[in-house]
Amino acid sequence: MLTLGIRTKILLIIMAATLLPLLFLNVFWTNSQRQALINEARSRQTLIAGSDAEQVNDFINNKVRTLIIHSQSPSLQQFNLSKASLEIGTLLYQDKDLMRAALVDQTGQEVVAMTSDLKSATKQNVKNDDAFKVVNYFGGNQYLSPVTTDANGHPMMTIAIPLVTFTTPQELGSLSTAESGVVRNPQDIKGALIVQTSLENLWHTVLSTTGTTDTPGGGYAYVVNDKGIVIAHPDEAFTNTHKDLSATPIVSLFKTTLGNANSTTQSQQSASEKGVEVMATYQKVNATDWAVIFEEPMSSIYQAVSQVSYLGLAISAIAIVVLGFLSVWLSRYITQPILTIARAAKKIGHGDFAAQVMTRRKDEIGTLAANINAMGDNLQAYIGRIDTQRRQLAIILNSTADGILALDSTNSIIIANQATALLCKDTADALIGKKIQDIFPLTKKSHPFILNYQAATTDVYTNLEYKDPEDALHYIDLIVVQAANQTIVTIHDETKSRELDTMKVDFVSIAAHELRTPLSRIRGSLELMDASDSDSSAKYVAEARKSAEELSTLISNLLDVSRIEESTLALATEKVDLALDITQAVKDMQMSAKAKDITLEYSGNAESEYVVGNSIALREVIDNLIDNAIKYTPEKGHVVISLERRDAVYMMRVQDDGIGIPMNARPYLFTKFYRVHNGSESGNTGTGLGLFITRSIVERHNGTITVDSKGQGSVFTVTIPVFNEATFAATHKLKGGEYDAGHRGWTTKDITRRR
Ligand code: ADP
């Protein structure tokens with residue numbers, strides 16, 4: 001559907017409110033004016049036609065009266081021809097309209113005939129003329145001929161008066177040879193006075209009514225007879241051809257009213273004799289059966305009103321233009337600030353709270369703009385506060401060690417903190433929108449555990465298990481709280497503390513077990529010594545000392561472990577000859593190798609392969625690896641140690657062809673107390689601490705340790721960076737360090753406890 005903007009609506013309303021009444025007024029006024037003009041024209045035409053008809057009437061009546069008066073002269077009555085000639089000459093002289101006059105006797109013979117120039121005319125016998133019928137047939141009535149034209153084409157008519165003797169007194173005003181109540185015989189009529197009269201002057205007077213001040217533009221009169229034939233018309237062609245206009249509406253209207261006693265003047269709006277739309281009025285001429293018709297084209301009647309109507313239309317057109325501009329201006333005035341406000345509101349809606357509506361208006365629109373501006377400011381401040389709170393919340397959430405999650409009613413994650421992300425090896429953002437059951441599949445005692453996160457209570461779930469994407473098992477406790485359509489899940493990872501607990505228990509039991517063995521041996525030796533002679537007691541003392549040394553080593557190792565754990569182990573470093581240390585160790589271990597008939601060899605330089613390190617600690621590494629190689633290699637086996645330089649590192653390999661290390665044991669090999677082959681099956685005692693300590697020492701020398709085992713035999717590879725003078729000088733401003741190397745283990749005097 002078409003939606004109109006405010007601007008268009010205002011435009012239309014203003015136009016409708018102003019133009020419609022204007023147009024309506026114009027049409028109404030035009031119509032009423034037209035009617036008034038028609039009425040005015042009708043009465044004007046009635047007057048003109050009436051006056052014209054009156055003139056024709058008077059003309060003819062005057063002529064008839066004059067002729068009757070002359071016909072009563074004794075010279076005519078008695079046919080005294082000389083006197084009659086004088087009388088007729090006087091008549092012609094007095095009336096310039098008369099063209100010919102003749103005295104006719106009872107037989108129709110003209111006895112006197114004169115023309116307007118007062119000369120005798122040729123006398124004719126007129127007994128067959130219509131005019132002569134006044135004597136025989138009209139009962140004494142005068143005769144008026146139809147209008148004809150003379151030789152010059154001018155209109156003329158014939159009037160005949162019977163020569164009668166009046167039997168009653170006559171009034172001059174209504175003189176007529178037809179006396180009422182008198183019946184004349186033809187012998188009572190002595191003859192006739194017959195004249196031809198020109199109508200030119202009459203027509204001039206009658207037909208010249210056109211174009212006067214009363215009949216503006218185009219109005220004219222014409223005369224028709226009772227047959228509808230034109231008698232006189234301004235257009236001479238009509239007159240000359242005796243045009244039959246009986247079909248013209250106004251003429252036909254006139255004809256239908258003929259003979260009607262009270263026929264009155266009538267007007268009609270119709271087509272004219274020339275096919276023009278006219279207003280026409282006819283008026284019967286009383287003396288004859290003629291009618292004077294006056295008509296004016298409708299266009300000229302309406303001219304005045306048309307002009308005003310055009311003026312009205314022109315004013316309307318100007319008004320449209322002016323109002324158009326006015327309403328455009330008005331609508332701009334109203335809508336422009338609204339649009340500005342709408343734009344600002346849109347910006348605010350999109351988060352641009354600094355958007356301001358600039359207007360100088362002091363009216364309601366100004367108030368609205370000010371309110372929008374204030375709203376934007378308030379929103380900005382409000383959002384700012386919310387943002388601060390949100391950031392604070394994020395900081396709090398991310399600084400807790402426990403995982404915290406917020407879920408919606410479909411168990412989708414809407415908030416996840418850093419601890420959660422760490423736990424499931426993902427980023428906090430990536431977790432948003434995921435389902436918690438997909439992220440945290442839980443088990444309890446290895447059975448799947450389905451948890452209802454939408455329960456409306458606060459629930460605590462303990463001893464749950466969760467395997468992270470790297471397959472590491474976590475022991476977790478969950479607290480699930482429902483509040484305001486959201487579920488808050490707190491995940492507490494128990495794995496570390498559990499491991500610590502297990503470790504403590506293990507450590508104590510292993511330590512106790514390991515300590516008991518050498519102690520019981522010492523006790524046994526002492527008891528034997530007590531009951532033996534002095535010779536053999538030396539042997540028991542030696543055994544007791546050996547066991548005491550083992551005990552001491554064990555205690556040293558345990559101490560080392562706890563220092564490593566507490567990170568209080570500090571190494572004082574110096575330039576150490578690794579080759580020399582290895583040579584020495586191989587020499588020292590030959591005894592125990594020989595005891596198992598194992599060949600122990602070293603391939604490499606005997607000395608001068610320098611590294612930066614702690615000699616005692618490095619010796620511990622070498623001893624541990626060779627000791628293990630001998631321990632886990634059956635009799636007659638081979639142990640080979642090598643040392644070679646690879647670029648910036650020395651690579652020391654301890655290789656044996658012993659029992660090897662299974663693949664699945666390798667990830668745990670360097671962890672505390674881990675033993676692949678426990679003592680009972682292999683006959684080897686150990687604590688599972690050696691490789692743990694070894695790796696710690698190697699790593700503190702910026703080195704690496706790896707193990708490789710192919711079914712039989714194992715290879716331990718240690719790398720240590722080659723000695724570098726510059727680095728050494730930079731890191732050893734204080735030369736050397738002091739060492740307490742009194743034990744098999746390695747420790748520094750400088751143990752700084754951090755707690
Ligand atoms: P311990 O030797 O005291 O048991 P270690 O930490 O030195 O402890 O060694 C851990 C375990 O690694 C040993 O118990 C043994 O099972 C295995 N191991 C170490 N070195 C070798 C080797 N050279 N050959 C076979 N197994 C070995």
Side-chain angles (χ1 to χ4, degrees), residues 503 506-507 509-518 547 549-565 569 582 585-586 589 592-593 595-602 617-642 652-700 704-718 743-746:
M503 220 164 66
D506 288 356
F507 192 84
S509 59
I510 291 167
H513 180 262
E514 294 300 320
L515 288 171
R516 210 169 53 191
T517 318
S547 294
E549 264 168 22
E550 250 174 54
L551 195 60
S552 147
T553 306
L554 189 61
I555 290 167
S556 298
N557 276 346
L558 289 174
L559 264 174
D560 287 347
V561 169
S562 63
R563 279 170 194 155
I564 291 167
E565 297 268 86
L569 189 71
I582 296 171
V586 171
M589 302 295 264
S592 45
K596 283 182 85 177
D597 206 3
I598 287 171
T599 54
L600 174 63
E601 291 168 9
Y602 167 60
L618 285 175
R619 188 57 202 275
E620 173 111 12
V621 170
I622 301 161
D623 285 356
N624 263 343
L625 292 177
I626 297 175
D627 191 40
N628 275 350
I630 295 170
K631 228 167 31 174
Y632 301 106
T633 302
E635 290 188 353
K636 296 190 171 47
H638 300 85
V639 175
V640 180
I641 298 110
S642 64
M652 180 182 79
R653 291 153 67 89
V654 180
Q655 188 172 1
D656 64 61
D657 52 359
I659 56 179
I661 298 161
M663 197 64 155
N664 60 3
R666 274 180 234 169
Y668 313 105
L669 204 61
F670 298 99
T671 58
K672 268 176 299 184
F673 301 118
Y674 184 81
R675 305 199 66 213
V676 186
H677 322 94
N678 57 39
S680 57
E681 52 182 52
S682 64
N684 293 312
T685 54
T687 55
L689 292 174
L691 286 179
F692 173 75
I693 294 166
T694 303
R695 190 185 62 172
S696 296
I697 295 168
V698 170
E699 283 175 356
R700 269 153 213 254
T704 60
I705 180 165
T706 50
V707 63
D708 197 10
S709 179
K710 291 194 179 74
Q712 224 196 347
S714 323
V715 186
F716 283 85
T717 310
V718 172
H743 311 282
R744 182 176 172 248
W746 51 274

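Hydrogens, waters and symmetry mates play no part in the numbers below; they use all other heavy atoms, side chains included. Read the numbers this way: they start at 1 and go in the same order the structure lists the ligands and their atoms.
- No N or O atom of Leu669 sits closer than 3.5 Å to an N or O atom of ligand 1.
- Of all the heavy atoms of Asp656, the ones lying under 4.0 Å from any atom of ligand 1 belong exclusively to the side chain.
- Interatomic distance, CG of Asp623 versus OG1 of Thr694, reported as 9.5 Å (0.5 Å rounding).
- Judged by distance alone, with hydrogens and angles left aside, the side-chain atoms of Lys672 form no donor-acceptor pair with the main-chain N or O of Phe692 at under 3.5 Å.
- Near Ser714, meaning under 4.0 Å from any of its heavy atoms, are these atoms of ligand 1: 22 (C), 24 (N), 25 (C).
- Within ligand 1, counting atoms from 1 as listed, the ones closer than 4.0 Å to a heavy atom of Lys631 are 1 (P), 2 (O), 3 (O).
- Leu691 has its side chain within reach of Leu625: a pair of non-hydrogen atoms, C-beta onward, lies under 4.5 Å apart.
- Heavy-atom contacts of Ala629 reach the following atoms of ligand 1: 23 (N) (cutoff under 4.0 Å).
- Between Gly658 and ligand 1 there is no heavy-atom distance shorter than 4.0 Å.
- With distances taken over non-hydrogen atoms, the option nearest atom 6 (O) of ligand 1 out of Val707, Thr633, Asn628, Leu691 is Leu691.
- A tilted orientation is assigned to the rings of Tyr668 and Tyr674, their planes being inclined by 30° to 60°.
- Considering backbone and side-chain N/O of Tyr674, none are found under 3.5 Å from N/O of ligand 1.
- Checking side-chain atoms of Arg695 against main-chain N and O of Leu669 turns up no donor-acceptor pair under 3.5 Å.
- Taking only nitrogen or oxygen atoms, main chain and side chain alike, Gly688 reaches within less than 3.5 Å of ligand 1.
- Taking only nitrogen or oxygen atoms, main chain and side chain alike, Ile659 does not reach within less than 3.5 Å of ligand 1.
- No donor-acceptor pair closer than 3.5 Å links the side chain of Asp657 to the backbone N or O of Gly713.
- Atom OG of Ser642 and atom CD1 of Ile582 lie 8.5 Å apart (nearest 0.5 Å).
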